[in-house]
Number of protein chains: 2
Amino acid sequence: MSVPTIKFYVREGLLPAGELTSPNQASYGEAHVQRLRLIRALLDVGGLSVAGVRGVVTAVDDAEQPVHKVLGAATDPLVPRYDREPGDGIEEARKKVAGLIAARGWHADPSSPAAEALAVAIVALDDLGHGRFVEVLDTYADAAEGVARADLDYVARHVAREELVESAVVGTVLGDAIFSSLRRLAHMDASDSTFGRTTRGGGAE
Amino acid sequence: MSVPTIKFYVREGLLPAGELTSPNQASYGEAHVQRLRLIRALLDVGGLSVAGVRGVVTAVDDAEQPVHKVLGAATDPLVPRYDREPGDGIEEARKKVAGLIAARGWHADPSSPAAEALAVAIVALDDLGHGRFVEVLDTYADAAEGVARADLDYVARHVAREELVESAVVGTVLGDAIFSSLRRLAHMDASDSTFGRTTRGGGAE
DNA sequence: CCATCATAGATAGTGGCGCTATCAGATAGC
DNA sequence: GCTATCTGATAGCGCCACTATCTATGATGG
């Protein structure tokens, strides 16, 4: 982690400046190192842009607001934004999403970035000739509920209040990466038994 | 979708050139349009790079190989690549991953990109002070198994053999996006009930 | 005490990537 | 014919995540 890069992060508002002990000497503490790790995780593993990370850390630092609100502010930038022209089926997909949320009894905003991202994915699926895929949405939702429950459980057991927002961010981003990897591994297993069986102990390379 | 962009994709090897009916006239068919939709989905929703998409479509087009192998070749580029210096705990994480695969009885390659990505995520978690998070890995794996089963099921029911590879790619990428969105929605619900129903009567912790 | 060196801060530049603008040449359609 | 439009090829643009360079200041050490 080079010095100019760190200064770049400071300039970009991702990292607080070190405390100046003299005009050309600044001291950095453990908090700075921790913040750096968070930045790297969001950039590398989470795939966020610098602007996205700025949004996240701004919310994290601003943690005097009601928790519920800050959690949203911190995690909203984590989901990618799509610009959709209206009229290509997105309206319909949005309705489907709203219906799913209602059917599940979730207290979740149907106009949140996450819901919108889901609608966009459904449209893309439809465009690609996989409209029937929505049939398995319920299975996905079941799995998502299970995972979300485990996440909250972990937070309740291991996370102190003042770390809550940061943990939520980390868990959201890294949890996605983890689940995605596990799903891929499970696919390899399923695909192995369905299509490939046993060409020398591999999986689907 | 502008003409120069399409030509760019042709140059980059993402899209086959149209059939020349005369030196300055080429005809494009439904297959081209379909391929274009695939490219857009991979770039926009999947967040792949152009190079990544090239890897995918090369494998898709090359679908004369054994299915099992092509599936791997097509879906491997979907998982992001990380460069890790050895010695920062990645070895240990790799062992954990291998152990998990074994414990689950998965036929999956512990040196596959997906397994490596999982190891990297575990290291990142550890660096960020959430080493205990591995405790919930099993819950994640359960959910991943359920989703993977549903995926294979969908494929068996709705996907013809010649579309198999493309469907696998689409399903892998869009499935990730979908699950991620659903997980976020489920988080919102859980967080709402845990940290305060802000929308009606400000709870506040 | 003075030469050297490191650091802070600021400004400008670099390389990669996903397009996009421009150009000549060829031909379709009127 | 004449123009509009298409082709492929080349070069350029805009964004983004850094990185190199510069000056001023003070730490370091023989």
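Heavy atoms only: backbone and side chains are in, while hydrogens, waters and symmetry mates are out. Within every chain, numbering begins at 1; the chains are lettered A, B, ... in the order of the sequence lines, protein sequences first and strands thereafter. Values in this document were obtained by computation on a predicted structure and should not be read as measured data.
Side-chain atoms of B:V147 and A:V136, non-hydrogen and from C-beta on, never get closer than 4.5 Å to each other. Between A:R183 and B:E145 the shortest side-chain heavy-atom distance does not fall below 4.5 Å.
Across all non-hydrogen atoms, the minimal contact from A:A74 to A:V165 is CB-CG1, 3.8 Å.
Contacts of B:A51 with the nucleic acid, taken as non-hydrogen atoms under 4.0 Å apart, are absent.
Partner of A:R184 under the side chain to side chain donor-acceptor pair (under 3.5 Å) criterion, chosen from B:T172, B:D76, B:D176: B:D76.
A side-chain donor-acceptor contact under 3.5 Å links A:N24 and A:S22.
Where B:S49 and A:L20 each meet DNA chain C at their nearest nucleotide, the meeting point lying more 5' is that of A:L20.
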Nucleotide by nucleotide, nucleotides 19-30 of chain C touches protein heavy atoms under 4.0 Å in the pattern (B base, S sugar-phosphate only, - none) BB-----BBS--
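Rounded to an integer number of Å, the gap from CG of B:L15 to P of D:dT7 is 12 Å. Look at CG on A:L48: it is 14 Å from P on D:dC16, rounded to the nearest Å. For the pair B:I6 CD1 and D:dG8 P, the interatomic distance rounds to 12 Å; values are reported in whole Å. Rounded to whole Å, atom P of D:dC6 lies 11 Å from atom OH of B:Y28.
Classification of the A:H158-A:Y154 ring pair by plane angle, with boundaries at 30° and 60°, yields tilted.
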